[in-house]
Amino acid sequence: MSEIAEILEAKERLRAGGAADSEKINIAEETLGLKFANDYTEYLKAFGFASYKGHELTGLCNSARLNVTDVTVEARELYDLASDMYVIEETGYEGILILQDTKGNIYHIEPGSKPEKIFSSLADYIQNERI
């Protein structure tokens, strides 16, 4: 089991969709014009999408509200995002988004601001639950 899967499996009230296959991941990457960070790809392959204890992580699913492609395309219209970033969580609080870049770094962005790096990996973000 991957590190990201172990961390999420330990979370209270974990709910997850079905695992995403490589074809779905490739289509999402092509649509967004980037390659997901390795830990996000591991997460997609293990869970598809997941929620736990007040957090809803984007992923690959039929819900536009939780689908990383849909959420990121919309966010690119509203925020000044670099082309190598995608949304991993909409916090539901004052328009704050949590982003990841293709290298795996995690960022926090608020409306009218630039992304601020908060963690170096998805695992660090999930373990620390800053937001």
Legend entry - Worked verdict on S22 versus K45 for side-chain contact (heavy atoms from CB on, under 4.5 Å): CA-CA 8 Å; S22 294; K45 287 180 177 180; 3.8 Å; yes
Legend entry - Same apolar cluster (I L V M F W Y, side chains within < 4.5 Å links), Y86/L66: yes
Inset, instruction - Dump the intermediate steps for side-chain contact (heavy atoms from CB on, under 4.5 Å) on E9 and L14, then the final yes or no. - result: CA-CA 7 Å; E9 289 287 345; L14 175 67; 4.3 Å; yes
Inset, instruction - Calculate, to the nearest 0.5 Å, the distance between atoms CG and CG belonging to L32 and D70 respectively. - result: 9.0 Å
Inset, instruction - Go through the steps for F49 and L60 under the test side-chain contact (heavy atoms from CB on, under 4.5 Å), then give the verdict. - result: CA-CA 6 Å; F49 70 96; L60 294 175; over 6 Å; no
Inset, instruction - Please answer: with hydrophobic residues joined when any side-chain heavy atoms are less than 4.5 Å apart, are V71 and V68 in the same cluster? - result: no
Inset, instruction - Check D39 against A123 and note the closest heavy-atom contact, atom names and distance. - result: OD2-N, 4.0 Å
Inset, instruction - Go through the side-chain N and O atoms of Y125 and Q100 and say whether any donor and acceptor fall under 3.5 Å apart. - result: no
Inset, instruction - Decide yes or no for I106 and I88: does some side-chain heavy atom of the first lie under 4.5 Å from some side-chain heavy atom of the second? - result: yes
Inset, instruction - Without swapping roles, check the side chain of N105 against the backbone of D101 for a donor-acceptor pair under 3.5 Å. - result: no
Legend entry - Minimal non-hydrogen separation, A46 against A5, with atom names: CB-CB, 4.3 Å
Legend entry - Cluster overlap Y107 with I126, hydrophobic side-chain contacts below 4.5 Å: no
Inset, instruction - List the atom of L81, the atom of A75, and the distance in Å for their closest heavy-atom pair. - result: CD1-CB, 3.8 Å
Inset, instruction - Could you tell me whether a side-chain N or O of S113 sits under 3.5 Å from a main-chain N or O of E110, the two making a donor and an acceptor? - result: yes
Legend entry - Lys/Arg N to Asp/Glu carboxylate O, R65 vs E90, below 4.0 Å: no
Legend entry - For the student: nearest non-hydrogen atoms of R76 and M85, plus distance: NH2-O, 3.5 Å
Inset, instruction - Answer whether the closest heavy-atom distance between the side chains of K11 and K53 falls below 4.5 Å. - result: no
Inset, instruction - Measure the spacing between NZ of K103 and OG of S120 and express it to the nearest 0.5 Å. - result: 12.0 Å
Legend entry - T102 side chain to A37 backbone, donor-acceptor under 3.5 Å: no
Inset, instruction - Please round to the nearest 0.5 Å and tell me the distance separating atom OG of S2 and atom CD of E42. - result: 4.5 Å
Inset, instruction - Ignoring hydrogens and angles, tell me if any N or O in the side chain of T58 forms a donor-acceptor pair with the backbone of N67 under 3.5 Å. - result: no
Legend entry - Same apolar cluster: L99 and L78, side chain cutoff 4.5 Å: yes
Inset, instruction - Without swapping roles, check the side chain of T91 against the backbone of I96 for a donor-acceptor pair under 3.5 Å. - result: yes
Legend entry - Nearest heavy-atom neighbours spanning S83 and L34: O-CD2, 3.5 Å
Legend entry - Nearest-0.5 Å distance that lies between atom OH in Y40 and atom CD1 in I25: 9.5 Å
Inset, instruction - Take D80 and K114 through the test side-chain contact (heavy atoms from CB on, under 4.5 Å) and record every step on the way to the result. - result: CA-CA 7 Å; D80 183 23; K114 299 280 186 193; 2.4 Å; yes
Inset, instruction - With rounding to the nearest 0.5 Å, note down the distance linking OG1 in T31 to CD in E29. - result: 10.0 Å
Inset, instruction - Establish whether L44 and F47 are linked, either directly or via other cluster members, by ILVMFWY side-chain heavy-atom contacts under 4.5 Å. - result: yes
Legend entry - Approximate separation, where rounding is to 0.5 Å, of T69 OG1 and K24 NZ: 11.5 Å
Inset, instruction - Indicate yes or no: at least one non-hydrogen side-chain atom of L57 is less than 4.5 angstrom from one of I98. - result: no
Legend entry - Heavy-atom side-chain contact between P115 and H108 under 4.5 Å: no
Legend entry - Within-4.5 Å side-chain heavy-atom neighbours: Y52 and L8: yes
Inset, instruction - Might you confirm whether atom CG of N38 has over 12 heavy atoms from other residues, nucleotides or ligands at distances under 6.0 Å? - result: no
